Amino acid sequence: MNNRLLAKSQLSPGNQLYSAINLGLKSTAWVLVAIIALAPLLGVVIGLWPAVELDWAAISRFLGYNGLAYSVASTLLLSLVAPLIALYIAFMVYSQYRFNRRWQSLEKRLAPLLSLPHLAVALGLVYLFSSGGMLWNVLWGFIGQTAPEWLGLPRKSMLTMILAISIKEVPFFLLIFSAIGRQLAIKQWLLQGRALGYSESASWWLIVFPVVLKQSRLAVLAAMAYTLSVLDISLLIGPNIPELYAVVLYNWQTGFTPDEQTFAFLGNLLLIAMLGVLITCIYIHERLVTKQLAKHAVMANPLNIARLSGIFTAWLGFFSLLTLAILATFLLWSLGWNTHSSFNTANWSTSLWKDEWFFMQGPLLNSLHIAFFSSLLGVGVTLLALELQRHNKRYFPDYLWLLAILLPQLSMVYGWQIVHTSSNASYHSSWIILSHVPFTFAYSYLVLRGPFQSLNRHYELVAASFGYSPWQRWWKVRFMLLRPALLSAFAIAFSVSIAQYIPTLMIGAGRVATITTEAVAIASGNEKSITAVYILVQAALPFIAFLVASILAQRTRGSVDAEHQ
């Protein structure tokens, strides 16, 4: 320590000034990164601060709220079942594709499939498979009859919610499994399983799945936290009587009476408690599954789920076909087709697109403006966070950086709304951008962490031997090697921002319209043709972002794939 102080005192004034500036910039960078990463936690804490005085009478009225118990129970069931279904389907798909020649094809399509908004998938299933949907009308139209009302998926129900969220979360879990699988010796484990007499499908479940399940806890929690407080889908396809808890809590949070403000505070407490229940269920589920698989391994019992895995060799074709069918359905509705018209192209027209373009321009420009800048900031702060940790030679746990997707949106955004309102801030798109940054940052970190940490330092050492400065090494070596991953992270962050509903609605107070908020507002009025126009635009924006990112990435030299290092 004394030697360090002596060396520091012997520095020239210029070097001392440089060291002071460097320390100041580093401290400022840490503060910025901490603010963005911890903003979700801060929002939750502020939302748990009561705005009005509490008494036992108010608590009794809250606990006796009509339908509250059923609403909480159904939301917990949905938040637990839908992500777990997606998890198991994703693992079965992963086990069938990982060492198959089609794996690269699947991996390339994961990000674009992931970019399809939840809202588009949810409404697409309704438009396709409900009693008035396109599929049943086409099938029954061949025999010249009208599809019966009882046939098809319910327009608003728990079943519809579970299906929509389960199908949409499968690409997310596949992306997580892809990242986890690169760090595991799966091929060697499968060979060991075969040597012990297990089939390959059984080896996947008995040996690989327990490890993957443990390492995907945060991903499961992220999916459950999203489902717990998802608002737009709950409003449009969730059950009405009683409503899901997210809808009930949002109505309290946007109310102005003392009772509603009291219920909003108590409701936030209950939402956090529900998240705690889900976290407990994650660990219980993991322990039960691991114990059961170990029992099967010892007793050599047949695994029925291993036999079921073979069905999902067709998953890529199925999901691609479903996505195309959803988009085709929206396109037909936007061109004038409905359940009472035939497939006569002479009746189709683009007049609806022309009429809506005047009303769509403002929300579309807002969406592009907000998504571009929030994604740019999110990716930039992610790079800053990774660089700071690299210089410290210590990486903090992932959950500290992923709080925005691990905590319920309704609770954190409610706290931000309180700060925004109390500071008398204006309702401008800049505040919406700031409210999106924690989410774009979290998803960017999820995408960039692996490529950043797997970079081979050899390239920078070679550059240093040629006299490159630290900044030149970063820009001309590290940044260039990271460009494909950066473009992918930006495209994912862009799609995340486009789909954001709760922060856009609550921070903007409904005054900053985007494609997503307009789509939800129109869909609430059951205007299917106009809704189809907005959903198609919402789905097209992330696709265009991924297309541009893919084209730019192909022109970029270098790779951060660990297999080539």
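None of the values given here were measured: they were computed from a predicted structure.
Between Ser374 and Ser497 the shortest side-chain heavy-atom distance falls below 4.5 Å. Contact check for His118 versus Val230: no side-chain heavy atoms found under the 4.5 Å cut-off.
Centroid-to-centroid, the aromatic rings of Tyr97 and Trp315 stay 6.0 Å apart or farther. Checked against the 6.0 Å centroid criterion, the rings of Tyr127 and Trp333 qualify as a close aromatic pair.
Considering CG of Leu174 and CD of Glu169, their distance stands at 11.5 Å, rounded to 0.5 Å.
With salt bridges taken as basic N to acidic carboxylate O contacts below 4.0 Å, one links Arg217 and Glu286.
Using modelled atom types, one finds a donor on one side chain and an acceptor on the other under 3.5 Å when comparing His436 with Thr504. With hydrogens and angles left out, the side-chain atoms of Ser229 and Gln409 include no donor and acceptor closer than 3.5 Å. In this structure, a donor-acceptor pair under 3.5 Å is absent between the side chains of Asn251 and Glu260. Side-chain N/O atoms of Ser157 and Thr160 include a donor and acceptor closer than 3.5 Å. The closest side-chain donor-acceptor pair between Trp416 and Ser435, if any, does not fall under 3.5 angstrom.
More than 12 heavy atoms of other residues, nucleotides or ligands shown are found within 6.0 angstrom of CG on Asn240.
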